[in-house]
Structures are given as structure tokens and as C-alpha cells.
Amino acid sequence: MNKNGFWGPWHTFKDGHGFSKLSLKETLQGGQCFDWESLSDLYWRGKIGDSVIECKWEESEIFWRCERINPVEPKCVENYFWLDQDYQQKLDQLPWRSDPVLGKCVKQLSGLRILRQPLGQTLFYFLLSSAKSIPQIQAIGTAVCERYGKELFPGIFSFPGWAKLAEVSEEDLRSLKLGYRAKYVAQTAKIIVSQPNWLQTVQSSCYEDAKVELLRLPGVGEKVADCALLFGGMFLEAFPMDTWIEKSLEKRYFLNGWKSSHKIHFAKIHFGEFAGLAQQFLFSGERLGILK
DNA sequence: CTCCAGGAGATAT
DNA sequence: ATATCTCCTGGA
């Protein structure tokens, strides 16, 4: 097959998506998702499910195309990128007008989104995340995909799925440089596979119930549970408290000396029902140095 | 060489 | 409940 025959036609994001160059880049590679690699400055290749997708910013428009073998519906891409009106509605309910810190992030990162990723795969990546930087998480996650997934495109491999991972030994995962996280993945895989429909049940539960279920898994504490729920299930009340956010709350909101649990309480009260979306703006604002 | 990352788990208080 | 230590690996 020649290379042009592989790809479907280019599509454009519909008007009003609101992305900027910066917020698109940050959405794809800012630490919520590890499925995208950059081909050049504003050109990415990645996966949505088992479909290989390319996405680029060109002349103030965003284009995407997918390969023809596992094509994805435009509706599915719109859903993945949260392009529906629901995004603006929820963003509008954050206190960015009255909060100058959040306001600065929302204005400078306008269009920043949380991607609608599948829960199982997102849980997998965040099981790898402890004490690792974004490139390191992507590297070891990709190594697992390359070893146990199927090749979707030259050099791009699928997430193997929990059923496959349940057959892999901790030792084999350690050989892929997962370190102590290998045990988390191996044990979690066996637990998930032993309970059919577990993922669907968690996905359709309320936030509190879903979190209780996730916290039973080895390697899943408060932070990883909230990341999996926020980024892998659109539970927008989840507020992952990582070291960046903790420092940010201390510095920008003068919460020095507050206990971690009290900081979370503050965040839920102050940011409201969609605190997780605010967290994403705050996290990126801090990470990109916008608040300095 | 030492130190510590976008944490979790075990143990001790 | 809260504090401290360890766990793999890699990069500063």
C-alpha cells in the first residue's frame, strides 16, 4: 500500500472550537494523555482507540485525518476532543471572572480541554505515573504497547488491554523499565479481568462510588484515582492533588501550612462542581510558567 | 557521587 | 490521622 492510500481525507474542526496553538499542544501533551507524539511543531500523530490519527494546526485551522483500516467517525473525534457546547457551558461555570489566578490561566490557555479518553487505558498510564515525568510515563507506557499491543501503523501500537496484561508477569514488565510500578500493573490487570464489566460499572457510577472502587486497586491512591476519573471518565469533580497543584494552591491561594485534605476541600468549594476542569487550567498555567 | 521526581504502601506513633 | 521510609529508574 502506498502511503497516501493509507490515510483518509483531511477534516477540519468545526468553528468555535476555541483552541489556540498553545492550548491544543497542552491538551495533547500536557500530561493528561500519553498517546500523541509530535511530528513537527504543530503536527501530531496519535491514537483514538485503535485508530491512528494525525492532527495539525495550519493557518489558524485544525485539521485531522485517520487511517483507513480502523477509521474513526467524525462524531467520535468531536467527542474525544470535547468539541460540543457542553465544554463552554461548564467552563463558564468556573469562577474565572472573580478569581484572577484562574482568570489568567483561562484567558491565556483559552480552549484548553480535558480529553474524553477510555477509563481502562487512562488508568494504565497513571499507574505508571508515580515519581515519573511526562516523557518518562509516555516512554514506559509506549514500551508496554510496543511489546504487547498490535501494530496499528509503522511504529504505533495499540494499548494491549487489561486481558492481555493479565497474562504478563511482573518480571516481564520490569524488563520494560517499569520498576516497582510493574507490580501495580500486573496485579491490577488480574483484578480487573477477574471481574467482568468492572470498568463499565465504575464508568457508570457516581464519582464517590467510582473512586472507592479504584482505590481498592494496588498502586491506586488518591491522586492516581482522581487522574483516572478526571482524564479517563470525565468525572469533572475529581481534583487530582499532585505536587504542582499543591504548591500552586500554597503560593497563589495562600494556603501555606494547610493540610492536603483541607486544600482539596478548599478547591472543591472554591472551584465548584467542575473543579477538575479548573485544576487542568491551573496545572497547565503553573507548568508553562504563565502565573509567574 | 547524591538527590529527588506529577506517589503508593507499609509501618510506627 | 499523620509522619517517615522504601520502592525502580533516570536525569539534574
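By convention in this document, chain letters (A, B, ...) are assigned in the order of the sequence lines, proteins followed by strands, and residues within each chain are numbered from 1. Here the structure is a predicted model, which means the values were calculated and not measured.
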Starting from [atom2] on [N], measure out to [atom1] on [X] and report it in whole angstrom.
X         : N       : atom1 : atom2 : result
Leu214(A) : dG9(B)  : CG    : P     : 12 Å
Lys132(A) : dC3(B)  : NZ    : C1'   : 15 Å
Asp242(A) : dG7(B)  : CG    : P     : 7 Å
Phe231(A) : dG6(B)  : CZ    : P     : 14 Å
Gln279(A) : dG6(B)  : CD    : P     : 14 Å
Glu222(A) : dA8(B)  : CD    : P     : 8 Å
Leu215(A) : dG7(B)  : CG    : C1'   : 13 Å
Gln138(A) : dG10(C) : CD    : C1'   : 16 Å

Inspect the contact between [Y] and [X] and indicate whether a charged nitrogen and a carboxylate oxygen are less than 4.0 angstrom apart.
X         : Y         : value
Asp172(A) : Arg147(A) : no
Lys183(A) : Glu170(A) : no
Asp242(A) : Lys247(A) : no
Lys56(A)  : Glu58(A)  : yes
Glu222(A) : Lys211(A) : yes
Glu250(A) : Lys263(A) : yes
Arg116(A) : Asp84(A)  : yes

Quiz item: Heavy atom of residues 243-257 of chain A under 4.0 Å from DNA chain B: which residues?
Solution: Thr243(A), Trp244(A)
Separation of the [atom1] atoms in [N] and [M], to the nearest angstrom:
N      : M       : atom1 : answer
dT2(C) : dG6(B)  : C1'   : 22 Å
dT6(C) : dT2(B)  : P     : 15 Å
dC8(C) : dT11(B) : P     : 15 Å

Quiz item: Given that both distances must come in under 3.5 Å, which nucleotide forms a Watson-Crick or G-U wobble pair with dC3(B)?
Solution: dG11(C)
Look at all strands and tell whether [X] reaches a base, only sugar-phosphate, or nothing, counting heavy atoms closer than 4.0 Å.
X         : result
Leu217(A) : sugar-phosphate
Gly221(A) : sugar-phosphate
Ile137(A) : nothing
Pro218(A) : sugar-phosphate

Exercise. Examine Phe6(A) together with Phe153(A) and report whether their ring centres are nearer than 6.0 Å.
Key: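 Under 6.0 Å, so yes.
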Quiz item: With a 6.0 Å cut-off on ring centres, are His270(A) and Tyr253(A) close enough?
Solution: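 Under 6.0 Å, so yes.
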Quiz item: For Phe159(A), which of Tyr148(A), Phe124(A), Phe34(A) qualifies under ring-ring contact (aromatic ring centres under 6.0 Å, His included)?
Solution: Phe124(A)
Quiz item: Where the side chain of Gln136(A) is concerned, which of dG7(B), dT2(C), dG10(C) is the nearest nucleotide?
Solution: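 Per side-chain heavy atoms of Gln136(A), the pick is dG10(C).
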Practice problem: Identify, residue by residue, the members of residues 168-187 of chain A with a heavy atom below 4.0 Å from DNA chain C, and return them in order of residue number, or none. | Solution: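 Per residue number, the list reads Arg174(A), Lys177(A), Gly179(A), Tyr180(A), Arg181(A).
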Self-check item: Along DNA chain B (nearest heavy atom to each residue), the more 5'-positioned of Gly31(A) and Gly219(A)
Solution: Gly31(A)
